[in-house]
Every structure is written in structure tokens, then in C-alpha cells.
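Notes follow once the structure below has been shown.
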Amino acid sequence: MHFLVFIKQVPDAAQVRVDYETGTLIREGVPAIINPFDKHAIEAAVRLKNQFGGKVSVVCMGPPMAEDALKEAMSMGADKAFLLSDRIFAGSDTLATSYALWAAAKQIIKEEGPVDVFFAGKQAIDGDTAQTGPGIATRFNVPLITYVVDIKNVDPEKKTLELVRLLESGQEVIQTTMPCFLTVEEELNTLSYAPLPYLIRAAKTSVKVLNSKNTEIEAEYCGLKNSPTKVRKAFTPPKRERGEMIEGDSVDGIINQLYEKIEPVLKTMGKVQ
Amino acid sequence: MSKKDFDVIVVGAGPAGMAAAYVLAKAGVDVIVIERGKFPGSKNVMGGIFYRKPMDDLIPEFYKEAPIERHIVEQRMWLMDDVSHFSMGIKTQKHNSEPYNCFSVLRAQFDKWFSKKVVEAGALLINETVVTEPIVENGKVVGVRTDRPQGDLYADCVIAADGVQSFLAKSLGLRKKITPNKVALGVKEIIGLSEEQVNDRFGIKDSKEGVTIEITGPFLKGMEGMAWMYTNKNSVSIGIGVIIDDLINHNMNPNDLLESLKNHPSVLPLIEGGETREYLAHVIPEGGYKSVPRMYADGFMVAGDAAMLVDSVHREGSNLAVESGKLAAKTYLEARESGDFSEKTLSRYQEKLEETYVLQDLRYYKNLPELLEEKRYLLTEYPQFLIDAMTEIYTVDGVPKPEKFRKIKGELKSRFGYIGLAKDLYTIWRKLR
Amino acid sequence: MKKLRIEDKLYLVGYNVDHEYSHLGISDSEACKTCEKKQCTYVCPASVYSWDEKEQKININYDACLECGTCRFACDYITWKYPRGGFGVAYKFG
Amino acid sequence: MIKQDISKYKHVWVFIEHENGEVARVSFELLTKARELAKDLGCEVHAFTVGDKVEQFADEVFKYGAKKFFVIEDPFLKDYITEPYRDAIVHLIEKHKPEVVLIGATTLGRDLAGTIATVLQTGLTADTTALDIDPKTKNLLMTRPTFGGNLMATIFCPDNRPQMSTSRPGVYKAIEEPAKGQVVKEEFEFDKSKYTKQIIEKIIEEGEKVNLGFYDIVVSGGFGMGSKENMKLIQELADVLGGTWAASRKAVQAGWAPQTRQVGQTGQTVHPKIYIACGISGAIQHQAGMKSSEVIIAINKDPDAPIFEIATYGIMGDVIEVLPKMTQMFKEKLGKA
């Protein structure tokens, strides 16, 4: 079976700090990492490969330094790595990004053969949109299953599998045919501590670069100019100020006061009629 | 030889390991470097500055492309008590032109760059892997065990550049247990300031020039240690290193110590208003020459901090690391000629180091660690006397100068006694021989 | 200058916390009970160790560890290993 | 990019999300917000949905001011499955050309919106927390948090229609303003062989795995809870409030809660409407995971606890004493006693 994982290299959002004076983010020195959700997608693909045979390809759109993310994916057990890198992609929104990745994936399929399961993380921790994966799935016109927390009953013969996905109210089990597109939650698996030969192979293998010249990507669908959404402004939310201490003679009195203060909020949530 | 994956395994991608790997890769040796960090430099902290010479021999004019912060044109030395500091130092334009003398660098960035050069030279770099122990067969090191599944690797020779903790050298019995009186903890902060602020506050012309300040004296309350400030492009590194035994005995929390340093009236104006960007800690081997172990075994060499190669008097470590890595690699290349990686052949490595400034410098100060351990007052009372004397001399208060000098002489006599003074001078002279 | 607390400073440090495995330990927790100085509680630059009076044991907050190894030199009962590869502290500047 | 004649698009549409015959609250919130937007645009608010028996929602939808309710009814659409829902909705949108389409940023909404926007080749702004109309251009301005809430971005979609947004639940208050509305029923022929995905089972109760981000009330316990047993106190309060419980890193490390419930720098980031921090000192590492909560209530013995620096309401007191009383009193007030 062939598994294709879409990954993104992101700044480690946990290390990004806000500069309230300038209203910008402090990104100096913040390392670039594989989007944490995507790592679980890679892990899932590698596990399926180890169980059913086949190979795992990984593709990442980004600047040349995103090669590090692909190398890391290979050290987790991916077999083939593709860096989609071209200036024409600069400023792409989710629609333009899903176009470019879809077109790149078609090229990868040409080179590596048809894909059974596409994978991506449920969202990226920098943009938090959760839109690129669904966008690519739609362009391939394959079933999309988001927020996956478990993969079961994979049948490579019948080309079916079952997925458990997270809902607000619980979970649901979905059966689908392959090819299909999964976006995954962190709970899907625990990342393995990869064997040393994976790391050595990753260090020895080079990443293939895809761009507008060696794929059929059309520039008129890429980049800032061809993205339907544009950023009007970016700003940091106001710094949180110290609120109010609720004081009183008795605990009951304090809780009563508190309740009165939060009752309007509870009402908007429909907790009180 | 039963198994062999590589010619050489280098453990640790710090300056020592990468210097070794660079030389080996350039010579066409099949070398793998194993680093436990996310990337080279991610675990590394430097309390010192990076000297040009050994690195320049390796990669000529490296400073033109490496991510260095500033080249150092002025080095100040402060003796400091709680309210004063007595300053000495050297600022020279001789250090303000290429090829420069030394640089301030940020290790996370510099080491990453260095590792790229090493990979370009042909070495294989594996990150995120801990080497747990050497594999020894028939008394000979034949490889290493890592903490990864299927993690054994075999080679002709292992170069351990795994830092001050060096579990490898220790497990081979080369290194004794390090006692807390032979090792210092350094804590450091990177404090962000604008380039202009750094230039103005340190009195430098532009953001290429840099200043270092090294501080010792009675403010350390008798603990053996040293504080430092280095100018980076748009930040200042400020840190303090103290012998761990002293921290324990003085019930001292290193962060409190660093905070009091930052708020010292002599220090504060230089960093005031800056925003702390990072907080770091690392230990520094301070044992000097006497703690340097045997640096070789069958199929094995130790380099850098792992071999305790730190000159604590001159705050040099990374250049000794680079030099030792280079020499370990050269020793391997010689051994390869004969195909003999035995202890005997590799012993040439230590001899080579003895022939260079690395061990010669350390040997020169070999008795100093004990001296300072014995006579702690050398670090407090003499500097305090000097500070007091300078304060006296520069205080204009109507007292005639001859009387001031008499007073200072009197102080000298009452604080130390002429006999004590003579003894101390004699001891220092003798210990430094 | 405003005094920074250790936790404020540690917030500036990048970590890749290993939720599976702690690299720090104490070989004989009985020894802590009779340890007079409990130097691990103040000599660690990241305040990893704290004495739990109620439980009569040292608590180890290993994810804050800066991997300097000071504790290991300061106390023979502390078992200290490197974190697994890639985990632990990752400095931005160094 | 596909160029469109955007002048042909009119009216603000709100997707009516439903499950088990009930409309999701966020749909009413969005209808209320849509009325404001429609006023600025000089157009109407329309609701739309697809499903098995969905016409029954008409009354509720009109109560919140929708002038029209577009529906496609088909037993095939009984349960939510992405692809048939998408195709039916795309059919509605292509036929009636709304200017704005608002969908709740729920699991379902975020699953659905991206795929619709891709078919329509239009822009979509995900998970917005503010919607405004640019008075000059009449474009929809959509503001959303990124970088875990550290940065806000205002996005617009000038040349494509509809302008689509998924909006975070709980941001707008649902207020009734009844309108006389009209149900517009549309048909869609499904090629059922095209859809190869089916739901096998729904598991409604909460399992071991928790996604704290789904809850609008989070009650969180720290080291000040004192013991594992005392963590029950926060669970009980969370139950009364219909929220979930979480823990600080110190409580997790003490073994009082699983790592999956940890809030903070090395745990999950949450932004509920109400976050109740119980016995949590609130080190900056913890704040990183919850400071964008709308209302923060802190209960702590230590008056100098940093959590009070960011709390909307602070109570200085012993959690062990305060929590049981709070649970009891809230139970009565919320009519759950």
C-alpha cells in the first residue's frame, strides 16, 4: 500500500511570545518544527506500512529550510520525501495551498504509484485553520475523515478501513473505501522512538524538490495574488489585566456574589434559562 | 574485526566532535557524528568567547560566513565587591581588523552552522540519539550502543566528544568520578537590547565590535567563581560560574546569585531595561591539568570538555575543544596508515596535545585549582584590599597623599602581615611554575 | 531591574518534554529523609527538586531540567541520565 | 484564481447545524449576528440546511429572524456524512448565490466548510471570533486568532463569493427577533454509488480520551488540591456546570490526573467561556494554556498567586472549603438539585 502524508513546518507556537508594545510576535530564535499533529499522521502511516507493507511518501510545502522537516519525517520511517518549494507559492491561502499540494501529490502519484490513504494532521498550530487537508481531499474527490483517533480493520484486499473520529458529543466509527483522506488527532498514537537505521537512512537520503517546472502546477492558482482571502491586518490581543477579588464575610456570600457576576455568561451559554 | 558500519564514530556534535569529524570527512574517512540534541548546539552553552585561531586553521576565514555576533576589541577585568569595581583591561585596534582575535557567538546558531560544514564535508550527522555506552570486545572499543532500537554501531575508532558529563570516558575507567569541588555551575541569561544600546553602553563604535567583561572578587562572598558579560549583536550574555561545592556550602541558589549580579550597581546600568530572552545552565570542568584523564584506549579517544580541557584562568574551552578534536582526527589518520588503532598508537594523541598550547597552558596552571581551594581568601581579601586602596587614592578629602600611601601600607600590613604576604606571593609563584 | 523568578525564566526556554520517561531519579529515597542540607533543593538552577514535607520525599519536576548535571555532582543518590534523544532542553541562543 | 461576477451574490446565509433532531445553539448565535451584518449590507438573513427531516426547524429559525429557510430533505441525509452534505449544500449555494455563508466552527462545521469552499473555489476564513462589514467596500471582515490566540488576523475575501466563515460557538449571544419566513424546498439527485463512506457506530459517552477544547467550561485543579481524592471536587463542579475538568502540570506530575487533561505550555491550550482555576498558582507556563479564556475564576489561598494577575474574578480561600459549597450552590441555582 502507498501512504502519502502532507506535513507542514511551523514555528514552535509554544515558544512564540507576544511583544505587547509593538503588537507583534517575537519569533527570533523560535525553532521550526514539524506541526505536532502531522507527526502523528506520519507515525500512523509508518505503522500501517510496517503492518501491511508498502511505502510512505511525505510532502511538505515551504521554503528550502523545510527540508529539515522532511528529513525528520524520514527518520520517523517515511520512505520518500518531497519538498514543494517555489516562489510562486508565497502568500498562498488555504485554497491556493490545497491546490499546490494537490497538484504536487498528483506528480508524486505519477512517480510513486497510486495512493491508498492520504494523511494530514488535523490542523497546523500556527494558522489553526484545519482547512488544507479537507481542501486536498475535495480536489482528489476521495472520502474525507477528520479528527481521527483510531484506525481499525484495515482490509488491503477489499480496500476498506474503519476509523474512529472525535465528535463534541463522543466518537463515531466510520467505514470507508480507499483511497481516502484522514486528518488526525494527537490521540491517534504515541510517537515511537524510531530505530537508528531509520535515522541513518534519512541522513543519507536526499529530498526531492518539486516546483512549478517539474510538476503541472499552474501559477495562476498560486500565491498571494490568486488567493481569494487576504490579510487586512494582524494584531495582538490586549494584555490581560488583573480583575476583581471577590470578598465577603462568608464563603456562601462570596459564592453568591460570584454567581451573580457570571450569570449573564451562563445565560448566553444556555446553562440557565 | 567482525562488524564495521563506519570508520569512525564521533560522539557529540560540539566543537570538539565536529572539528574531529570535519578533519576526518575531508580526508575521506567514513565518519558518523551522533548528537543527542534536536540539532547541534541545542544543548550547548558557552560561558566564554570563541577564539579564531584553531577554527581558522580548520576552515580558513570561517568568520566571514559563520553566524558570529561581534568580534572582540576590548576585554575588561573587574575586581568587584558589593559597591565598587576596580577595572583593568585592554582595548586595541589590533583586534579590530581581520583576521580578528576572538568573537562572541551564540552556540545554538554557531554549532548548527558548523555542523552544516561538517555534513558538506561528507560526514553523516545523526541527531536526537543518545550514546549510552561503548561496546567493548576483547578489551577494545569496537563501537557504541545508543538508546535507539537497533542502535548498535561498529567502527575502527570512537572519538568521545560527549561533553563534561562524558559517560563514555567514565565507563571505560579513564575518568575518575568528578567531585563537586572540581566542577563549576555556570548560569547565564541572554538579555535583549537594541544594537545601539549595546554600542552606547559598552562604548563601542558599531555593532561589529564587541566587549567582554570578566568579574571576580569579594562580591562572590568567598566562593570560587567568575562572572562575565559579553556583547552580542542585539543582546548581552551575562552569567556567573561558581564551584558547585561552594554553592552547596554557602546554601546558594544559582539563580539568586545571577539576579544579585544583574542588580549590582556596576552591572545594572549596562543591562537595564533589557528583556531576558533565554536562561541557560551548564557545568564547566575546573579541575585543570590534574583532572585531565588518559585520553585514549584501544580504539578510543576523548576530546574537549569530556577530557576536562578547560583553561579556567583564561576562560578558554571551545578553542581547546577544537584543537583536541583536530588532533584526535589526525591521530586516527596516522593510525589508519598502519591499520593499528591500539592504545599504543592512539597514545600519540595525548603526546600531540602535550606538544601544543592546550596541555602546556593547562600544565602551567596545574596547581592553581588546589591553591584556590586551600586559600580562598586570595579571591576575596587581596581584591578587597586593591579596591579599598584604589578608592582611597581616588578620594579627595584633604588628606595628603603621602599619608594616604602610608595608610594603605598600614592596611596591607594589618590585613595580611608582611610574612603572610610574602608567603602568599611565594606560594603563587611556586604553584604557577 | 525586576527580579525574575525561576519559573518565569524557564518559560523562555524551549523544551521537548518526554511524557513517557523521566531521566532523573533518586536511588534511595530513604536517604533524603535524613539528608540535612537537601542541597538538591537549592543548588539546581531550574529548581527541579523540592522537598515534600507531607510525603517526606523529594519531588522531581524533570521537565524543567536544563541538563547541566549539577545535581548529579552535588548528590550521590541522584540518578542522572541524558533524556532520550531529541527530548529535553533545546536552547534557541546558547 | 477563478474570477466571478460578484454582483450576482446577495444575502447572508447561516447554516443550521443539527443532530438528533435538535439545532445546535451556534446556529442561533450566528442568525443573530447575521441580522446585524444584513442590516449593514442592506439585505436579508437566510437560513439553510440539509438532512432527513429538517423542515421542522423552520419555526425556530424564523424566530431568530431568518426570512427564508432553504432546505434539501432526503432520508439519505439522515446522518451527517461529509460528502453528500457537501454536494447538497453546494447545489443550494450555486443556485441561490448568497453573498455571505456562516457556519459554526464546530467539529461538523469545520469538517464541512473547507470542502464546500474548495468545490466553490472561494475563500474561507476558519474559526473566526469577530465579523464586521467594511463600511466602504461592504466586504465581510473576519477576525480570527492564530498562534494559539497570541495573534489576531483580520481576513477578507474581496473578489470571490460567497464570503465564507466558520465562527466559534459562544462568541455571539442568541437573541430572538421573530420574522415571517418562508421555507424554500429544493431537490437534489444523489448518485448514491459515489459515496463510499458510512457511519457504523456512534459512541456518545465520553471515553478515556478527552479533548478539552470542546468544552465551554473547564474546571481545573492544581497542586493546591492537596491530594488525588480531592480532585473529585473539581469533577463534581464540572459536572454541575456541564463542563469538563483539567489539571495543572504539578497535579499531573503528582499523579492526580492523566497527562491528557493537562492544561498549559506542555499540555493542551484551551479557551473556554469560563475557566475555573482551583488551587493553581498560575505560573506563566500554566497561563500559556488558558489565558485566552473569556472569564477566568481563580480560587487560591495565596494572595500573591500569579493566577490572580489574570483572573477576572479572584477568590482568596481554601479550595477544599470553597469547592463543595460552590458545587452545592450552583446546583441549586442552575436548577439541578
Side-chain angles (χ1 to χ4, degrees), chain A residues 13-14 16 18 25 93 95 98 125-131 134-135 138-139 143-144 146-147 149 162 166-177 187 221 226 228-237 240 242-246 251-252 254-255 258-259 261-262 265 268-272, chain D residues 1 25 82-83 106-107 110-111 114-115 118-119 122-127 141 146-148 150-157 160 170 173 196-206 209 211 214 216 242 265 273-274 291 295 309-317 321-322 325-326 329 333-334:
Chain A
V16 172
V18 179
L25 296 183
D93 72 353
L95 191 77
S98 73
I125 58 165
D126 53 350
D128 297 320
T129 70
Q131 298 307 324
T138 307
R139 291 173 191 272
L144 164 71
T146 50
Y147 308 105
V149 291
E162 285 175 28
L166 223 49
L167 306 171
E168 273 96 341
S169 55
Q171 300 181 335
E172 69 183 5
V173 186
I174 292 213
Q175 191 194 57
T176 184
T177 52
E187 290 99 318
Y221 297 109
N226 299 305
T229 60
K230 327 262 181 209
V231 177
R232 167 101 157 222
K233 62 169 178 174
F235 56 100
T236 52
R240 224 184 160 99
R242 192 185 172 96
E244 173 190 352
M245 293 301 285
I246 301 179
V251 174
D252 285 19
I254 289 173
I255 297 170
L258 174 72
Y259 180 79
K261 288 182 190 297
I262 64 170
V265 186
T268 53
M269 289 190 287
K271 304 271 181 195
V272 225
Chain D
M1 191 166 72
R25 192 172 177 81
T82 320
E83 291 78 16
T106 57
T107 313
R110 294 185 77 171
D111 183 82
T115 184
T118 308
V119 177
T122 190
L124 164 65
T125 306
D127 204 26
L141 302 179
T146 63
F147 279 102
N150 282 323
L151 189 71
M152 307 296 290
T154 301
I155 313 275
F156 67 118
C157 177
N160 295 69
K173 203 171 168 178
T196 55
K197 203 172 103 181
Q198 53 176 327
I199 298 171
I200 297 183
E201 192 188 354
K202 281 210 183 211
I203 310 158
I204 298 301
E205 90 249 80
E206 189 194 318
K209 281 149 189 163
N211 193 330
F214 284 160
D216 50 14
Q265 188 185 17
K273 300 283 281 182
I274 299 178
K291 68 172 187 293
V295 175
E309 294 298 322
I310 62 159
T312 325
Y313 304 112
I315 295 175
M316 216 184 84
E321 187 192 351
V322 175
K325 283 194 176 155
M326 198 184 256
M329 286 174 71
K333 288 179 190 293
L334 300 180

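We name chains A, B, ... by the order of the sequence lines, and we start the count at 1 in each one.
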Under 4.5 Å from any heavy atom of chain D - which part of A:Y147: side chain

Options A:E162, A:E244, A:R242, ranked by heavy-atom pairs under 4.5 Å with chain D, top entry: A:R242

Side chain, backbone, both or neither of D:R25 within contact of chain A (heavy atoms, under 4.5 Å): side chain

Minimum side-chain heavy-atom gap D:C157-D:T125 below 4.5 Å: no

Partner chain D: residue of A:I254, A:L167, A:I125 with the largest heavy-atom pair count (under 4.5 Å): A:L167

Interface residue of largest heavy-atom contact number with chain A, from D:D216, D:N150, D:V295, under 4.5 Å: D:N150

Residue part contacting chain D, namely of A:V265, when any heavy atom lies under 4.5 Å: side chain

Option in A:K230, A:E172, A:K261 with maximal non-hydrogen atom pairs under 4.5 Å from chain D: A:K230

Distance-only donor-acceptor check, side chains A:R139 and D:T118, under 3.5 Å: no

Best-contacting candidate, A:A13, A:P134, A:P143, A:S98, against chain D by heavy atom pairs under 4.5 angstrom: A:P143

Given A:L25, A:D126, A:V18, the one that forms side chain to side chain contact (heavy atoms under 4.5 Å, CB included) with D:L151: A:L25

Interface moiety of A:V16 toward chain D, non-hydrogen atoms closer than 4.5 Å: both

Part of D:M152 within contact of chain A (heavy atom distance under 4.5 Å): both

D:I315 and A:L258, any side-chain heavy atoms less than 4.5 Å apart: yes

Part of D:E83 lying under 4.5 Å from any heavy atom of chain A: side chain

Residue D:T82 versus chain A: region with a heavy atom under 4.5 Å: side chain

Largest heavy-atom contact set with chain A, pairs under 4.5 Å, which of D:K202, D:Q198, D:K173: D:Q198

